[in-house]
Structures are given as structure tokens and as C-alpha cells.
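Below you'll find the structure, written out as C-alpha cells, and then a few comments.
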Amino acid sequence: KKGITGGKILSFILVFVVMGLFSFSLFNNDNARSVYIYQEDNEDWMEIRSNIDLSVEDVTETYKTQLGLSDSDELVFMRVDQDQVGQEHYRFQHFHKNIKVEGSQLLVHTRNDRVYLVNSTLVKGLMNPVILNINEDSAIKKAISQLPADKYMWESEWAERLIKKVSKDPTATNYPDPTLVWVSPKYSRNAAEYTLAYDMTIHSIEPELKRRYFINAVDGSTTLTINDLHEGSTPGVGESKYHGTVDIITDSLASDSYR
């Protein structure tokens, strides 16, 4: 009988090692897939399996792909809030290719320094290229042209002094300051609907209006407009101290609450 040569022994060892590594990889991948337990009625809410200890950094970095994000996505810390029972709630803003994704955020909930729940409004699968055919100045002119006014907030010396005082920034101004963002015209979470746009606010005094414009950075069109000033009043009656019942106009806070 022929004996087993050294070459065959080496081949057996290599096969064994490769199979071991493959099994280890599958084991790790299975564990990674089982980190989150998605709620059946709402997949935006995810519990953490009881036998797994996760830090906030684990959620936002190590297991980022489990949230449907790629290497081009980043979760940037915004703030942390503590509730009455001591639980902490960390809020993160989603950036894609270093550009903010409008409306896309992640909340990580911790109890005793352990993550137990995650929920989000993340936009997943963004793959659009960064194309800028419109510059900031052109975007500003486009936005201002959509809100014609006799006087804008930045043309008021009083308003300019006030914003510098309130912000404690001597360079602060009410003049539009565009920010490049990814945005959907319907605020959907369909990645295919997202486009690059300049986000800015135009505030006028005469007439008193304040609107937020998203000017498309590719073709200069208006992707989205949001009205930041809203008015509402409800007629009512009130008992005065010296003149009995009088007619008044109230602000409606709710269907049964006024001021």
C-alpha cells in the first residue's frame, strides 16, 4: 500500500483550514443578521436581541450595513436626550457622500448603557451621483425671484442687528445661506426620488412671508417649497372685567383649546 505523502497531508490541512474559515464566516454573518428583531407591523422599529450587548457606536458604525446603509453613508451625532426614568435617546442625522439627507434620521435608545431599541426614518439605497450644474448664487436668485417683496429681512438694519445679537455671531445675517442636501419632492423614502438641491429660507417683511426653497442643483428647478409662516384665528366670546361679554379673536391650539 502506498503511504500518504507530505503533499497530500498539506492539501488536507489547507482544505480543513479553508472550510473552518468559511464556517466561521457564515457563523459571524448569521450572528450579524440576527442582531435586530424587526417589528412585524413596522420595520422602522427594531429591538436588540436579549443575548447581544450593543453600544451606540456598534449600531452606527459596526452594524451600519444592517440598517441598509453603505460605505458612502454616515450617521452624524446630533444630540442625546434623557427621559424621566434615566433612559437615553441618541439622535443621528444621515449623510450620503458627505451631504445631508433631508428627513433621514436614526434614533438609538439605551437603558443602563445598553442599546435595547432602534427606530429610524432612514432613506436606504441612495446611489445617485453628485452633479452640480447650478451654483449657490444662481440658486439664491432663483429662490428670491419666487418670493417678490418690497423689503426683505436682510434689508432691515434692525433685523440684522437682532440676528447678530441672538446668535452671538457678528457675521450672522438673514440673507439666504444655501445648504446642499439630498431631498425628495414628496419627502418619501424612495431613494430613486431623491435629488441634490440647495436648501435656503427667504424671509420678507413687506409682505410678511417666510418660505423654505429647495432649488434643484442639476437643472435649477424648484424641487420643494415649504411655508414657514402660518396664521390661524377663530372668532369667540369672552367675559371682560368691566364690559361684560365681548367678541374676541383667538388662536386655535386644538379643536377645544384656544388662546
Side-chain angles (χ1 to χ4, degrees), residues 36 43-46 55-81 89-109 118-147 153-154 163 167 169 171-203 210-228:
Y36 301 113
E43 290 191 354
D44 290 333
W45 288 83
M46 298 161 282
S55 66
V56 175
E57 290 74 19
D58 287 333
V59 173
T60 59
E61 297 177 14
T62 307
Y63 293 100
K64 182 176 65 175
T65 57
Q66 299 292 309
L67 300 171
L69 303 180
S70 70
D71 291 337
S72 297
D73 298 297
E74 182 181 6
L75 294 166
V76 177
F77 174 76
M78 296 175 65
R79 70 173 189 268
V80 57
D81 301 309
H89 312 277
Y90 294 79
R91 184 179 294 270
F92 293 84
Q93 173 63 49
H94 177 199
F95 282 73
H96 178 69
K97 297 181 179 177
N98 297 318
I99 299 171
K100 177 184 175 182
V101 183
E102 188 68 24
S104 185
Q105 295 186 358
L106 174 78
L107 277 83
V108 182
H109 310 276
V118 174
N119 72 289
S120 80
T121 57
L122 291 175
V123 178
K124 306 171 184 179
L126 283 170
M127 298 180 65
N128 297 346
V130 177
I131 300 176
L132 302 177
N133 294 331
I134 305 298
N135 60 31
E136 289 187 2
D137 289 339
S138 297
I140 291 173
K141 291 178 181 178
K142 175 73 173 180
I144 292 176
S145 70
Q146 297 187 58
L147 186 64
M153 189 67 76
W154 60 87
I163 193 173
S167 65
D169 180 1
T171 65
T173 178
N174 292 288
Y175 190 76
D177 182 21
T179 300
L180 192 63
V181 300
W182 296 100
V183 67
S184 162
K186 299 178 181 179
Y187 262 86
S188 74
R189 292 168 62 189
N190 181 355
E193 295 181 3
Y194 276 72
T195 184
L196 278 176
Y198 291 102
D199 172 16
M200 72 192 85
T201 298
I202 308 295
H203 195 171
K210 186 179 182 182
R211 290 176 186 162
R212 188 176 170 193
Y213 291 96
F214 293 84
I215 305 300
N216 193 301
V218 178
D219 59 18
S221 63
T222 302
T223 300
L224 179 66
T225 302
I226 299 176
N227 187 4
D228 281 349

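Sequence positions, counted from 1, serve as the residue numbers for this chain.
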Problem - Donor-acceptor under 3.5 Å (S184 side chain, K186 main chain) - result: yes

Practice task
Give a yes or no on this: more than 12 heavy atoms of other residues, nucleotides or ligands lie within 6.0 Å of atom CD of E193.
Solution key: yes

Problem - N174 side chain to I163 backbone, donor-acceptor under 3.5 Å - result: no

Handout entry: D169, CG: over 12 other non-hydrogen atoms inside 6.0 angstrom
Key = yes

Practice task
Look at atom CE of M127 and say whether more than 12 heavy atoms of other residues, nucleotides or ligands are closer to it than 6.0 Å.
Solution key: no

Exercise for the section: Determine, step by step, whether T201 and D228 satisfy the side chain to side chain contact (heavy atoms under 4.5 Å, CB included) criterion, reporting the C-alpha distance in whole Å, the side-chain angles of both residues, the deciding distance to 0.1 Å, and the verdict. Expected result: CA-CA 9 Å; T201 298; D228 281 349; 4.2 Å; yes

Exercise for the section: Report, as yes or no, whether the 6.0 Å neighbourhood of atom CG on N227 holds more than 12 heavy atoms from other residues, nucleotides or ligands. Expected result: yes

Handout entry: K142 (side chain) donor-acceptor with N216 (main chain) under 3.5 angstrom
Key = no

Problem - N/O donor-acceptor pair under 3.5 Å between T121 side chain and Q105 backbone - result: yes

Exercise for the section: Measure from the side-chain N and O atoms of N119 to the backbone N and O of W45, and report whether any donor-acceptor pair falls under 3.5 Å. Expected result: no

Problem - Polar side-chain atom of K64 near backbone of L75 as donor-acceptor pair, under 3.5 Å - result: no

Exercise for the section: Without swapping roles, check the side chain of Q93 against the backbone of S104 for a donor-acceptor pair under 3.5 Å. Expected result: yes

Completion exercise
From the list E74, R189, H96, side chain to side chain contact (heavy atoms under 4.5 Å, CB included) partner of V101 resolves to H96

Handout entry: Residue pair Y187 / E102, side-chain donor-acceptor N/O under 3.5 Å
Key = yes

